[in-house]
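I have placed the structure first, in the form of structure tokens, so that the comments after it can refer back to it.
Throughout, a chain's letter reflects where its sequence line sits, starting with A, and its residues are numbered from 1. A quick note: this is a predicted structure, and the numbers were derived from the prediction, not measured.
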2 protein chains.
Amino acid sequence: MRPEDRSDGQKRTSFIEEARRAQIIECAVEAFAELGYANTSLARIAERAGISKGVISYHFAGKTELIEQIVDHVYRDITQFVLPRMEGEATATGALRANIRAVVEYMRGHRDQLLALGEIFNNVRTSDGRRRYGVAFNEPIYEAREELFRRGQQSGELRSFDPRVMAVTVQAAIDEMFAYWVAYPDHDLTAHADELADLFEHATRAERPRGTAGR
Amino acid sequence: MRPEDRSDGQKRTSFIEEARRAQIIECAVEAFAELGYANTSLARIAERAGISKGVISYHFAGKTELIEQIVDHVYRDITQFVLPRMEGEATATGALRANIRAVVEYMRGHRDQLLALGEIFNNVRTSDGRRRYGVAFNEPIYEAREELFRRGQQSGELRSFDPRVMAVTVQAAIDEMFAYWVAYPDHDLTAHADELADLFEHATRAERPRGTAGR
DNA sequence: TTAAATTCTGGCCATGCGGCCAGAAGACAG
DNA sequence: CTGTCTTCTGGCCGCATGGCCAGAATTTAA
């Protein structure tokens with residue numbers, strides 16, 4: 001019934017195929033965000049999309065592949081959004097502030113995507129019971145931030161601290177800011193982001209910045 | 001079959017009743033921690049406890065009540081552990097450091113309890129689809145920490161910042177330290193805790209501590 | 001010892017799940 | 001118009017779930 005992978009190695013996904021996949025992914029994101037992981041079944045996703053359950057099975061190999069596609073999609077999206085907004089910052093402090101602001105800007109426009117990603121990260125497990133997308137999935141983010149902090153330390157801009165702990169903590173602070181905003185939608189995200197930037201500026205900068213009277 | 005609530009208002013839970021309930025809660029905690037929320041069924045809990053599935057139904061009104069009891073139990077446990085270890089600290093900075101250390105000490109001995117609590121918080125929903133134990137459940141913690149920071153600010157020990165954002169961020173940092181340790185069991189928890197204490201000391205203390213030469 | 005209360009077993013039930021498929025319906029090229 | 005390829009429908013399957021219960025086993029009380 002389904003062409004699947006062709007012998008010539010080409011994918012040849014039709015326009016309609018791509019459109020359907022995109023639509024299903026979108027509806028699945030909404031469902032995960034709104035209902036939570038446990039209450040999101042293929043039937044509910046199909047219902048939201050106004051299609052039969054079998055259509056999902058037709059376009060995706062299974063629930064697992066659908067979830068993988070969601071993670072891929074959102075991850076690519078957020079990376080492409082945030083990275084360019086950090087370029088051109090000379091100082092580590094400036095780059096971190098730009099980073100936080102960019103993520104906040106993304107949050108506003110993509111609440112459901114981030115919620116869905118969270119549901120998936122927290123719940124999907126491999127057959128042996130371990131998390132499919134564990135902390136290890138954050139490694140690229142941690143390493144990038146670590147590198148940022150290390151350079152700031154070498155240049156004397158930042159004080160001495162464990163860059164890994166700082167990187168992990170920054171990510172936790174951002175994630176919790178998001179969760180707090182989801183719980184309290186009237187919460188002032190911009191103010192929170194500025195507070196976080198100040199917080200980590202104080203936490204990371206060298207004790208005696210150049211130009212300050214010392215002992 | 002079951003006495004339920006007696007007309008005289010007394011509970012009269014027998015010794016065996018209490019023991020069974022405790023055993024079931026313990027096994028449920030292990031199951032949630034090890035298998036995750038979605039894979040933890042009453043059958044699996046019963047299997048771990050070496051009893052029939054019906055026993056759980058006999059001692060608890062349903063899965064919902066069992067989960068409530070777990071949350072109650074663990075929450076009470078951690079509070080009773082941490083609070084006494086924060087008393088007698090004169091400064092806000094000292095109290096925060098003691099707080100972080102106490103939580104870390106608790107983590108070491110109660111990994112499964114905290115994991116189970118996390119699974120429950122992240123997944124249990126009310127019938128209308130909203131989180132049963134949302135961010136609002138952390139309010140007592142947030143408010144206590146807020147109060148701590150406010151006093152530190154009034155005494156001049158701490159700089160001016162938003163106490164709520166700082167309280168939320170501290171909690172996030174602690175939670176993520178736990179998650180990181182779960183993912184990497186060889187991770188040095190003590191060092192991480194000290195780093196966190198240093199981090200927030202720098203983030204919160206007043207710019208010019210008394211006794212330092214200023215301009 | 002006997003009767004009553006408590007605790008437990010094993011199995012049944014309706015529900016919802018993901019996967020699957022036969023065939024209908026639609027799109028499209030010859 | 002005709003035949004082929006793509007897409008979709010609706011329903012079926014085996015399975016796991018939480019809840020429930022009749023009756024057995026055990027403990028406790030008289």
Sub-4.0 Å heavy-atom contacts from residues 65-74 of chain B onto DNA chain C, ordered by number: none

Take the protein atom [atom1] of [X] and the nucleotide atom [atom2] of [N], then report the distance between them rounded to whole Å.
X       : N      : atom1 : atom2 : value
A:Glu47 : C:dG16 : CD    : C1'   : 13 Å
A:Ile51 : D:dT9  : CD1   : C1'   : 11 Å
A:Ile45 : C:dG19 : CD1   : C1'   : 14 Å
B:Arg21 : C:dC8  : CZ    : P     : 13 Å
A:Ile56 : C:dC17 : CD1   : C1'   : 13 Å
B:Leu35 : D:dT17 : CG    : C1'   : 15 Å
B:Lys63 : D:dG18 : NZ    : C1'   : 8 Å
B:Asn39 : D:dC15 : CG    : C1'   : 14 Å

Using the test side chain to side chain contact (heavy atoms under 4.5 Å, CB included), find all partners of [X] that sit at least two apart in sequence or belong to another chain.
X        : answer
B:Glu30  : B:Glu26, B:Arg48, B:Asp112
A:Arg125 : A:Arg131, B:Asn39, B:Glu119
B:Glu195 : A:Phe161, A:Asp162, A:Val165
A:Val124 : A:Tyr37, A:Ile67, A:Ile120, A:Arg132, A:Tyr133

Do any side-chain nitrogens or oxygens of [X] fall under 4.0 Å of OP1 or OP2 in [N]?
X       : N      : value
A:Arg20 : D:dC8  : yes
B:Ser41 : D:dT17 : yes
A:His59 : D:dT6  : no
B:Tyr58 : C:dC8  : no

Would you please name every residue forming a side-chain hydrogen bond (donor to acceptor under 3.5 Å, both in side chains) with A:Asp72, sequence neighbours left out? none

Contacts of A:Arg108 meeting side-chain hydrogen bond (donor to acceptor under 3.5 Å, both in side chains) (sequence neighbours excluded), chain-then-number -> A:Thr190

Does the side chain of A:Tyr180 pick up a donor-acceptor pair with the side chain of B:Arg164 at under 3.5 Å? yes

Which residues pass the salt bridge (Lys or Arg N to Asp or Glu O under 4.0 Å) test with B:Glu147, sequence neighbours left out?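 Scan of B:Glu147 (salt bridge (Lys or Arg N to Asp or Glu O under 4.0 Å), adjacent residues dropped) gives B:Arg151.
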
If the helix axis at each end comes from five base pairs, how far does the helix from C:dT1-D:dA30 to C:dG30-D:dC1 deviate from straight, to 10°? 0°

How would you list all residue pairs meeting ring-ring contact (aromatic ring centres under 6.0 Å, His included) that involve residues 77-100 of chain A, not counting sequence neighbours?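 Residue pairs passing ring-ring contact (aromatic ring centres under 6.0 Å, His included), neighbours aside: A:Phe81-A:Tyr106.
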
From the options B:Val103, B:Leu115, B:Leu189, select the one residue that forms a side-chain contact (heavy atoms from CB on, under 4.5 Å) with B:Phe178. B:Leu115

Can you name the one residue among A:Gln80, A:Arg85, A:Met86 that meets side-chain contact (heavy atoms from CB on, under 4.5 Å) with A:Val82?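 For A:Val82, the side-chain contact (heavy atoms from CB on, under 4.5 Å) check succeeds only for A:Met86.
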
Can you give each donor-acceptor pair under 3.5 Å made by side-chain atoms of residues 91-100 of chain B, sequence neighbours left out, with the distance rounded to 0.1 Å?
unit_1  : atom_1 : unit_2   : atom_2 : d
B:Thr91 : OG1    : B:Gly94  : N      : 2.9
B:Thr93 : OG1    : B:Glu157 : OE2    : 2.8
B:Arg97 : NH1    : B:Asp198 : OD1    : 3.4
B:Arg97 : NH2    : B:Asp198 : OD1    : 2.9
B:Arg97 : NH2    : B:Glu201 : OE1    : 2.8

Grab the N/O contacts between the protein and nucleotides 10-14 of chain D below 3.5 Å, and write none if there aren't any.
unit_1 : atom_1 : unit_2  : atom_2 : d
D:dG10 : N7     : A:Ser52 : OG     : 3.2

